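In what follows, chains are A, B, ... by sequence order, proteins preceding strands, each numbered from 1. In this text, all values refer to a predicted model and were calculated from it rather than measured experimentally.
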Amino acid sequence: MKAVITVTGKDSVGIIASVAENCSKAGVNIIDISQSVMKEYFAMIMLVDIDGLNTEFGEFVDRMTRLGREHGLVISTMHEDIFNSMHHI
Amino acid sequence: MLNISDIIETINMIREENLDIRTVTMGISLIDCAGDDVKSVCSRIYDKITKNAERLVPVCNDIEKQYGIPIVNRRVAVTPVSLIGGRFSPDDYIKIAHTLDEAADAVGINFIGGYGALVQKGCTKGDDALIESIPYALAETGKVCSSVNVASTKAGINVDAIRKMGEVIKKTAELTAGEGSFGCAKIVVFANVPEDNPFMAGAFHGVSEPETAINVGVSGPGTVASAIRRAGNCGLTELAETVKRTAFKITRVGQLVASEASTRLGVPSGIVDLSLAPTPAVGDSVAVILENMGLERCGCPGTTAALALLNDAVKKGGVMASSHVGGLSGAFIPVSEDAGMIAAAKSGALTLEKLEAMTAVCSVGLDMIAIPGDTDVYTICGIIADEISIGVANTKTTAVRLIPAVGRKVGDEINFGGLFGSAPVMSVNRLSPEGFISRGGRIPAPIHSLKN
């Protein structure tokens, strides 16, 4: 199973590193990253594999949300099924 | 493979355009709770609801987190209560209302529907006692909602029941006068009521439904309004296509949540209700959708046509996205719950008569409309009878949720707070239908009901 992590906010040093570190701690494998910086704003979409997740998915979502808050970013973590069901028949 | 623009579109719909799941409603049959002794009936009802809906709230919370989509309401709908207490007095029914309220508190839901009766052809003793008890039950409880079906295309219109409901609405307004007659926001009078509607205040668990079922109501007026704005100055056919595509996407999320909730709770999935349910939040308005189509203000000439296009396109887009479509399925036009409708009513662009015309082409009826507290009971009955006739003649659901707010007059505004919003008191035609309504009896079913 996969999930999509989106990170938006003001650019700063180490955003990708801290998100990746948290993924690794939770047993989440990063499959793909797409990121762009427009002026000082940062936007990243990360596709991750959650099969090896070592905690509840809800707990991982909360952890990422908290991480975002600590860094002044908005991080949302959503199961891939919501995108698949909305955009694929 | 996921595509970045699809991901961004979904996230924008949720974050910027107020896309949400409006309600996950668990239907629970209370047929096996019936009995002679009200105390044991209440105890069986409490046990059945709290046992079956025990995990409803935590499961919805988990789904909300998993998919990142807000689920605004978790609710329970039960068998029309008049069917399980045929021998009870109004006081006994009020005890059942308290039990429903306590069960709702225990499982952490915000409303419980089904305190009602199906009387399109006539009232049993139990129906009469329940209807008599409604004002007191609603005044004494917080979460109980009531709906009474007074007509159907097959049975015709029970005008005696309409007369009783006119009195019930007036009495409820008096008993809850301190809260802006809020009790009336919890009563709906229906024609052709759907038995699997997940939306309050009209939700109940129909007699042909299974033991339990999960019904989901989707929302998303903000998403449709934005899609229309983005479509620019296109033709009406293209506009309808835009609405269809958006409704499809919204409904797919509803279907996902419905099947996930059903699997996790071990309860059969019932229906997805494809409705555009507005909220008072800015940008979450059905009136704004109509205005984005090109109307100067909701209520102006052309409004009914625009609403007909919207309602039809929502259904066409949604129907392929869901395995079972049901409930009310269409655009809702509750005045107090829609910032655009409130503005249109205040400016005088939207009148009660125009709203009545609009209900001929959309899913519900005269919904959440505040009228002066001194409106005569026969006038209320006349408004109900007119609206119900539209449903019966057109083989569709219509409903009335009027709030004759005690002590308020045209131009006042009543703030109910939260999703109920704020209702401008609207003007009512004061000429009396008393002679017609007081004839009583039943208006026969229309000729096109004879289809066999």
Original post:
Side chain, backbone, both or neither: which part of B:Ile63 has a heavy atom under 4.5 Å from chain A?
Top reply: neither
Subject >> Heavy-atom side-chain proximity of B:Asp6 to A:Met86 below 4.5 angstrom >> reply: no
Subject >> Spacing of CD1 belonging to B:Ile4 relative to CD1 belonging to A:Ile45, to within rounding of 0.5 Å >> reply: 5.0 Å
Original post:
Given side chains that start at C-beta, do those of B:Asn3 and A:His88 come closer than 4.5 Å, heavy atoms only?
Top reply: no
Subject >> Side chain / backbone / both / neither for B:Ile7 at chain A, heavy atoms under 4.5 Å >> reply: both
Original post:
Does the side chain of A:Val61 come within less than 4.5 Å of B:Gln66's, by heavy atoms?
Top reply: no
Original post:
If you count the non-hydrogen atoms of other residues, nucleotides and ligands that lie under 6.0 Å from CD in A:Glu56, is the total more than 12?
Top reply: no
**OP:** Could you please state which residues from residues 67-82 of chain A sit under 4.5 angstrom from chain B, measuring non-hydrogen atom to non-hydrogen atom, sorted by number, or 'none'?
**Re:** A:Val74, A:Ser76, A:Thr77, A:Met78, A:His79, A:Glu80, A:Asp81, A:Ile82
**OP:** With rounding to the nearest 0.5 Å, note down the distance linking CZ in A:Phe83 to CD1 in B:Ile11.
**Re:** 4.5 Å
Original post:
Below 4.5 Å, heavy atoms only, C-beta onward: do A:Asp62 and B:Lys65 meet side chain to side chain?
Top reply: yes
